[in-house]
Peer 1: 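Structure in structure tokens, see below.
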There are 2 protein chains.
Amino acid sequence: MADVARLAGVSSQTVSRVSNGHPGVVDATRQQVLDAMKELGYRPNSAARALKRGEFRTIGVILFTLATTGNSRTVEAIANHAAEQGYAITLIPVASPTQDGVLGAFTRLGELAVDGVIVIMEVHLLDAVALELPPGAQVVVVDSDAGDRYPVVDTDQADGARQAVSHLLELGHHTVRHVSGPAESFSAGRRAQAWRDVLTEAGRPVPPMLQGDWSAESGYRAGLEIAADPSCTAVFTANDQMALGVLRALHERGRRVPEDVSVVGFDDIPDAVSYLPPLTTIHQDFAEMGRRCVDRLLHQIRGEASPPGRALVPTRLVTRESTAPPPAS
Amino acid sequence: MADVARLAGVSSQTVSRVSNGHPGVVDATRQQVLDAMKELGYRPNSAARALKRGEFRTIGVILFTLATTGNSRTVEAIANHAAEQGYAITLIPVASPTQDGVLGAFTRLGELAVDGVIVIMEVHLLDAVALELPPGAQVVVVDSDAGDRYPVVDTDQADGARQAVSHLLELGHHTVRHVSGPAESFSAGRRAQAWRDVLTEAGRPVPPMLQGDWSAESGYRAGLEIAADPSCTAVFTANDQMALGVLRALHERGRRVPEDVSVVGFDDIPDAVSYLPPLTTIHQDFAEMGRRCVDRLLHQIRGEASPPGRALVPTRLVTRESTAPPPAS
DNA sequence: TGCGATGATGTTTACGTAAACATCATGCAC
DNA sequence: GTGCATGATGTTTACGTAAACATCATCGCA
């Protein structure tokens with residue numbers, strides 16, 4: 001910076017003013033400075049900036065994995081929206097969903113250059129360790145059981161699940177089986193609860209729930225059980241990838257979809273339209289989710305009033321070919 | 001830090017030594033400092049650290065999208081391995097594969113607090129703009145056409161594609177059609193070239209190539225054309241998601257896989273085993289890829305000798321049920 | 001016993017920036 | 001013409017840390 005100032009024949013403070021777009025610099029001077037910057041290939045040192053300003057213009061995102069489509073799409077949306085707001089995203093992967101893994105991530109996090117953190121993870125896993133945030137850092141939690149401790153940005157999981165199950169009941173199915181996500185997932189829990197609620201409200205029997213882990217493989221295992229149950233005519237899976245596994249199991253066991261069994265997924269990932277058959281599923285608006293996370297966090301960082309409302313991000317049913325009325329039997 | 005020093009009754013320099021794990025501090029003193037840190041909730045300020053040390057311990061990853069499975073898995077592997085090395089990952093999403101989008105990303109990048117950058121993108125798109133890196137930042141390019149300008153970490157795309165096509169020929173197929181990735185993708189180009197080479201070397205006809213964009217939807221469109229070509233008995237798609245679309249199209253048109261048509265994908269994403277039928281594909285080792293990217297970049301950052309070899313990350317054929325000998329005809 | 005070597009700890013300084021304050025020239029009102 | 005307001009630019013300082021150097025006590029050995 002000093003070099004630039006010397007070359008432009010001004011003080012370093014004027015260089016600073018130009019580089020930050022402050023007013024009160026005459027055009028001729030500004031141009032001189034800009035020329036000098038260019039000639040010397042000057043880039044402001046972000047560490048020094050951050051030190052002086054007391055903020056990093058960076059948001060940390062802490063999560064277990066990018067392997068589930070929902071997570072990676074959420075992260076992408078967060079990154080895009082944050083970039084628009086002039087913030088960068090730092091990824092904090094947690095090696096494993098164990099205390100050690102989380103602890104390691106948070107130890108790193110404590111020293112990390114972030115103004116705030118978005119947690120895409122079950123909060124109770126955080127409780128296991130002292131949540132040592134960088135001083136002054138804010139937290140927003142995605143789709144989790146944060147209670148009142150942290151602001152939460154939420155998708156309307158329950159409504160989505162209700163739409164899925166209702167859709168199947170309206171088609172005439174007597175009841176619906178559910179392949180849920182992992183027990184520790186709050187989202188999975190809410191989808192399962194809504195499934196139970198709708199059946200109960202409709203006076204239908206609630207068949208045993210099958211437990212998966214979001215992966216297609218786990219869906220396949222659940223699907224084998226479903227295929228072995230001739231009374232089952234409708235399945236609601238907690239995400240699309242598990243639905244893919246269910247479809248495979250049903251196909252292998254000779255049960256046709258949707259003629260014999262209807263299947264509804266959750267997420268509406270781009271691939272779902274290409275499943276065999278194309279999957280009826282609950283569409284999630286990941287972009288909106290990312291936007292809300294970032295907006296909310298920035299509000300907090302700036303100490304502004306509590307962000308506008310706690311409305312849930314809506315979901316909607318997308319009907320494709322994997323659902324139909326039950327067989328006449 | 002001064003507060004901690006005061007409370008512990010030592011100098012700030014001793015606090016610094018403890019916080020960085022430097023030797024030469026007696027255990028009793030160290031413990032006092034640690035206690036004081038804990039009591040005051042002290043966290044080192046990473047901006048000041050970075051300023052003093054001249055490095056950020058952060059790697060930037062610049063890419064278009066996390067929506068393709070390959071990208072998100074590569075990023076995850078990079079993040080994990082970087083974390084092991086004490087480095088954080090900053091995501092730099094490029095809004096769109098246009099000059100404006102890339103330019104915007106690089107303008108931000110220029111001011112970003114990173115020691116190096118991993119580019120998961122076609123280099124020729126970077127050429128459109130002045131590649132203004134933070135001073136001293138290093139670059140590693142993934143699977144791209146960087147020529148000699150940047151170090152490249154590469155998967156053995158060509159070998160993978162050769163394995164795929166050879167496998168089909170060995171099963172007895174006369175020739176193989178190819179659904180490629182987007183024209184601007186270097187990886188896609190190499191897979192397509194290898195496909196052409198193998199067919200040519202075997203003295204087989206090279207049928208017209210079909211162009212996709214990595215998405216299942218584009219695979220579906222290509223699949224419809226393939227289904228309309230009764231002479232086609234074998235397809236090699238440049239990734240698994242497009243293979244999913246091809247499977248759907250073939251199924252809709254009543255062409256059985258693998259009895260009528262064999263299909264081979266590329267990537268071996270976890271879902272591929274659950275496709276109908278489970279997909280024969282080329283396995284990529286994304287974890288190894290991520291590791292090599294990070295190692296290579298850190299080598300450069302530290303100014304160490306040119307990293308060990310430029311060996312390609314190997315690929316391997318995973319045979320499942322989507323391939324079989326051609327119909328007797 | 002004394003002296004140098006060793007190891008523990010303290011003091012000074014600089015990293016690059018931007019806020020706060022100081023200075024200077026210009027122009028306008030009286 | 002004088003004085004003062006205004007706007008442009010320069011000077012000083014502090015942000016929190018860690019390297020370099022300085023100091024001090026202790027211990028072993030002649």
Side-chain angles (χ1 to χ4, degrees), chain A residues 1-37 40-58 86 108 110-115 132-137, chain B residues 1-37 40-58 86 88 110-115 133-137 302:
Chain A
M1 186 154 107
D3 298 337
V4 174
R6 204 171 310 123
L7 180 58
V10 299
S11 76
S12 66
Q13 182 52 31
T14 300
V15 175
S16 167
R17 280 192 265 257
V18 171
S19 124
N20 287 2
H22 282 205
V25 179
V26 133
D27 275 354
T29 312
R30 177 183 306 278
Q31 198 51 53
Q32 267 183 324
V33 173
L34 289 175
D35 290 347
M37 281 180 174
L40 295 172
Y42 165 82
R43 333 242 98 230
N45 177 308
S46 53
R49 269 196 175 168
L51 177 59
K52 198 75 187 76
R53 294 198 288 220
E55 58 169 30
F56 302 99
R57 301 276 168 90
T58 297
R108 273 175 275 132
E111 308 187 346
L112 223 49
V114 298
D115 303 312
E132 296 186 1
L133 290 171
Chain B
M1 184 152 109
D3 297 336
V4 173
R6 205 170 309 120
L7 179 61
V10 301
S11 75
S12 65
Q13 181 52 31
T14 301
V15 176
S16 167
R17 282 193 265 255
V18 170
S19 124
N20 286 0
H22 281 204
V25 180
V26 131
D27 276 352
T29 311
R30 177 182 306 277
Q31 198 52 52
Q32 268 182 324
V33 173
L34 289 175
D35 290 346
M37 281 180 174
L40 295 173
Y42 165 82
R43 334 241 97 230
N45 177 308
S46 54
R49 268 195 177 171
L51 176 59
K52 196 72 185 83
R53 294 198 288 220
E55 58 171 27
F56 303 99
R57 300 277 167 91
T58 296
E111 307 190 344
L112 223 49
V114 299
D115 303 311
L133 289 171
R302 294 173 182 146

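Labels below follow one simple rule: chain letters A, B, ... track the order of the sequence lines, proteins then strands, and each chain is numbered from 1. Being a predicted model, the structure only gives us computed values, none of them experimental. The figures that follow rest on heavy atoms only: side chains count, while hydrogens, waters and symmetry mates do not.
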Peer 1: Distance check needed: C:dT17 P versus A:Arg43 CZ, whole Å only.
Peer 2: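 Distance check: A:Arg43 CZ to C:dT17 P gives 12 Å.
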Peer 1: Round to a whole Å and report the spacing from CD of A:Gln31 to P of D:dT9.
Peer 2: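 So the two atoms are 13 Å apart, to the nearest Å.
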Peer 1: Using whole Å, report how far CD of A:Gln13 lies from P of C:dC24.
Peer 2: 18 Å
Peer 1: Give me the one residue out of A:Val18, A:Val4, A:Thr29 that meets side-chain contact (heavy atoms from CB on, under 4.5 Å) with A:Val10.
Peer 2: A:Thr29
Peer 1: Which of these nucleotides, D:dG10, C:dA19, C:dT9, is closest to any side-chain atom of A:Thr14?
Peer 2: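 Nucleotide nearest to A:Thr14's side chain: D:dG10.
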Peer 1: Go nucleotide by nucleotide along DNA chain C from the 5' end; which of A:His22 and B:Val10 gets its closest nucleotide reached first?
Peer 2: B:Val10
Peer 1: Could you work out which one of C:dA20, C:dG16, C:dA14 sits closest to the side chain of A:Lys52?
Peer 2: C:dG16
Peer 1: Can you measure from CG (B:Leu7) to CE (B:Met37) and round to the nearest 0.5 angstrom?
Peer 2: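 With rounding to 0.5 Å, CG (B:Leu7) is 11.5 Å from CE (B:Met37).
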Peer 1: Indicate, with a heavy-atom threshold strictly under 4.0 Å, whether B:Thr29 touches base, sugar-phosphate, or nothing.
Peer 2: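 It contacts sugar-phosphate atoms only.
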Peer 1: Quick one: do B:Ser19 and B:Arg49 satisfy side-chain contact (heavy atoms from CB on, under 4.5 Å)? Show the steps, please.
Peer 2: CA-CA 11 Å; B:Ser19 124; B:Arg49 268 195 177 171; 2.7 Å; yes
Peer 1: Side chain of B:Arg49: nearest nucleotide among C:dG10, D:dA18, D:dT9?
Peer 2: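 Between C:dG10, D:dA18, D:dT9, the one nearest the side chain of B:Arg49 would be D:dA18.
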Peer 1: Side chain of B:Asn20 only, heavy atoms from C-beta on: which candidate in D:dA18, D:dT9, C:dA18 is closest?
Peer 2: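 The listed nucleotide nearest to B:Asn20's side chain is D:dA18.
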Peer 1: Among D:dA18, D:dT9, D:dC15, which nucleotide has an atom closest to any side-chain atom of A:Leu51?
Peer 2: D:dC15
Peer 1: Return the nearest nucleotide to the side chain of B:Val26; candidates are D:dT17, C:dG10, C:dA8.
Peer 2: C:dA8
Peer 1: For B:Val25, answer base if it contacts any base atom (sugar-phosphate contacts may also be present), sugar-phosphate if it contacts only those atoms, and nothing otherwise; contact means non-hydrogen atoms under 4.0 Å.
Peer 2: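 Touches sugar-phosphate only.
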Peer 1: Without decimals, in angstroms, what is the distance between B:Arg30 CZ and C:dG7 C1'?
Peer 2: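 Spelled out: CZ on B:Arg30 to C1' on C:dG7 is 14 Å.
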Peer 1: Can a donor-acceptor pair be found between the side chains of A:Asp35 and A:Gln31 at a distance below 3.5 Å?
Peer 2: yes
Peer 1: Closest-nucleotide mapping onto DNA chain D: is B:Ala48 or B:Arg17 further toward the 5' terminus? I mean the 5' end.
Peer 2: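 Nearer the 5' end of the strand: B:Ala48.
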Peer 1: Grab the two heavy atoms, one from B:Arg17 and one from B:Val25, that are nearest each other, plus how far apart they are.
Peer 2: CB-CG2, 3.8 Å
Peer 1: Atom CZ of B:Arg6 to atom C1' of D:dG16: distance rounded to whole Å?
Peer 2: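 Distance check: B:Arg6 CZ to D:dG16 C1' gives 14 Å.
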Peer 1: Return whichever of A:Pro23 or B:Val15 has its heavy-atom-nearest nucleotide of DNA chain D closer to the 5' end.
Peer 2: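 Result: A:Pro23.
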Peer 1: If I take atom CZ in residue A:Arg57 and atom C1' in nucleotide C:dA18, what distance separates them, rounded to the nearest angstrom?
Peer 2: 13 Å
Peer 1: In whole Å, I'd like the distance from the CZ atom of A:Phe56 to the P atom of D:dG16.
Peer 2: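 Whole-Å distance recorded here is 11 Å.
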Peer 1: Using atom CG of A:Asn45 as one end and atom P of D:dC15 as the other, report the distance to the nearest whole Å.
Peer 2: 18 Å
